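First up is the structure itself, then whatever we jot down about it.
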Amino acid sequence: MRKKKTITRREAIFAGLTSAGALLLSGCLKKAPPTYGNILRMGDDLTYMAQRGLLSQRALAMEYQKSDITSFPATDNGDPADPANKKVYSKTYQDLQGNDFKDWTLSIEGSVAKPGKYSMDDLKKLGERRQITRHTCEEGWSAIAEWTGVPLSALLKHAGILPAARFVSLYGFDNYAESIDMLDAFHPQTILAHTMNGDKLPARHGAPLRLRVETQIGYKSVKYLQRIVVTDKFIDPNSDIPEGWSWYTGI
Ligand SMILES: Nc1nc2c(c(=O)[nH]1)N[C@H]1C(S)=C(S)[C@@H](COP(=O)(O)O)O[C@H]1N2
Ligand SMILES: [Mo]
């Protein structure tokens with residue numbers, strides 16, 4: 001399922017705490033992503049600033065052992081290769097999949113010194129990290145898998161992010177997208193995963209490449225990656241905020 005538009009209990013609690021939080025953190029709130037004046041969304045500022053301010057910025061999400069790996073449901077939110085699913089269908093993606101993604105490239109654009117396109121081989125040359133982590137979906141399930149991929153930091157360094165750059169948006173072929181800030185983009189466990197449990201990333205889990213951002217809830221981990229755009233200003237490419245979703249969902 002695509003994320004549902006519900007206000008979670010956690011959001012409601014944080015909204016209640018917002019006035020106290022705003023008082024405590026008013027010095028840094030200016031730097032938080034905008035909430036468009038939405039009262040409930042003000043809870044986001046508190047979560048964001050609390051996590052950014054109180055926790056070590058390099059703290060790692062828990063990593064597990066091979067024996068902890070569980071079955072992993074695919075959300076099947078929509079297969080971009082399926083013409084019957086008009087909302088997510090991409091002819092380009094279908095063609096790429098038809099050729100086993102041999103012609104697939106990931107484009108990096110925006111506030112970078114060297115915008116360009118990377119093939120899977122180009123990306124793999126930039127480095128590798130393997131991690132066994134828990135994915136937590138906002139709908140209430142979680143699952144553990146081993147992910148292997150290229151650190152997003154390595155790609156950003158290779159493309160040369162410009163000094164004013166602050167956010168990174170990642171777009172999937174199904175028109176799904178999310179943005180993260182530079183702290184999460186450069187977090188050592190934030191990887192572009194091409195391998196899941198030792199096998200090529202399965203179609204249902206976002207082939208050929210997906211984001212893993214282990215510091216946040218599952219919906220930030222964009223599947224079927226097509227394009228990465230580095231921006232100086234905050235953008236919310238999937239309209240999370242006006243649709244009632246938290247932009248920052250630290251776990
Ligand atoms: N491109 C894309 N990425 C996506 C989604 C999506 O619909 N499209 N759903 C998100 C949500 S809500 C979850 S829980 C995970 C699910 O990953 P899975 O299908 O591998 O279980 O992918 C996330 N990434
Ligand atoms: Mo999810």
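Whatever order the structure lists them in is the order used to number ligands and atoms, beginning at 1. Here the structure is a predicted model, which means the values were calculated and not measured.
- Remark: K114 NZ is packed, more than 12 non-hydrogen atoms of other residues, nucleotides or ligands lying under 6.0 Å away.
- Residue D174 touches ligand 1 through its side chain alone, judged by heavy-atom distances below 4.0 Å.
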For this session: Please report the C-alpha distance between E109 and S107 in whole Å, then the side-chain angles of each, then the deciding distance to 0.1 Å, and finally whether the side-chain hydrogen bond (donor to acceptor under 3.5 Å, both in side chains) criterion is met.
Result: CA-CA 6 Å; E109 304 160 22; S107 140; 2.5 Å; yes
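- Near H205, meaning under 4.0 Å from any of its heavy atoms, are these atoms of ligand 1: 18 (P), 20 (O), 21 (O).
- Proximity of W141 to ligand 1, defined as any heavy-atom pair under 4.0 Å, is confined to the side chain (atoms from C-beta onward).
- Residue contacts with ligand 1 for E139 are absent, since no atom lies close enough (heavy atoms, distance under 4.0 Å).
- Between the side chains of Q94 and Y89, at least one donor N or O lies within less than 3.5 Å of an accepting N or O.
- Near Y219, with a cut-off below 4.0 Å to any heavy atom, the atoms of ligand 1 are 10 (C), 11 (C), 12 (S).
- For F101, the ring pair (Phe, Tyr, Trp, His ring centres under 6.0 Å) partners two or more places apart in sequence, or in a different chain, are Y93.
- Remark: the backbone N or O of E214 is not paired with any side-chain donor or acceptor of T133 at under 3.5 angstrom.
- Counting heavy atoms under 4.0 Å from ligand 1, residue F72 touches it through the side chain alone.
- For A143, no heavy-atom contact with ligand 1 is shorter than 4.0 Å.
- Judged as a ring pair (Phe, Tyr, Trp, His ring centres under 6.0 Å), and not counting sequence neighbours, the contacts of H135 are F72, W141.
- For ligand 1 and C137, the ligand atoms under 4.0 Å from any heavy atom of the residue are 14 (S).
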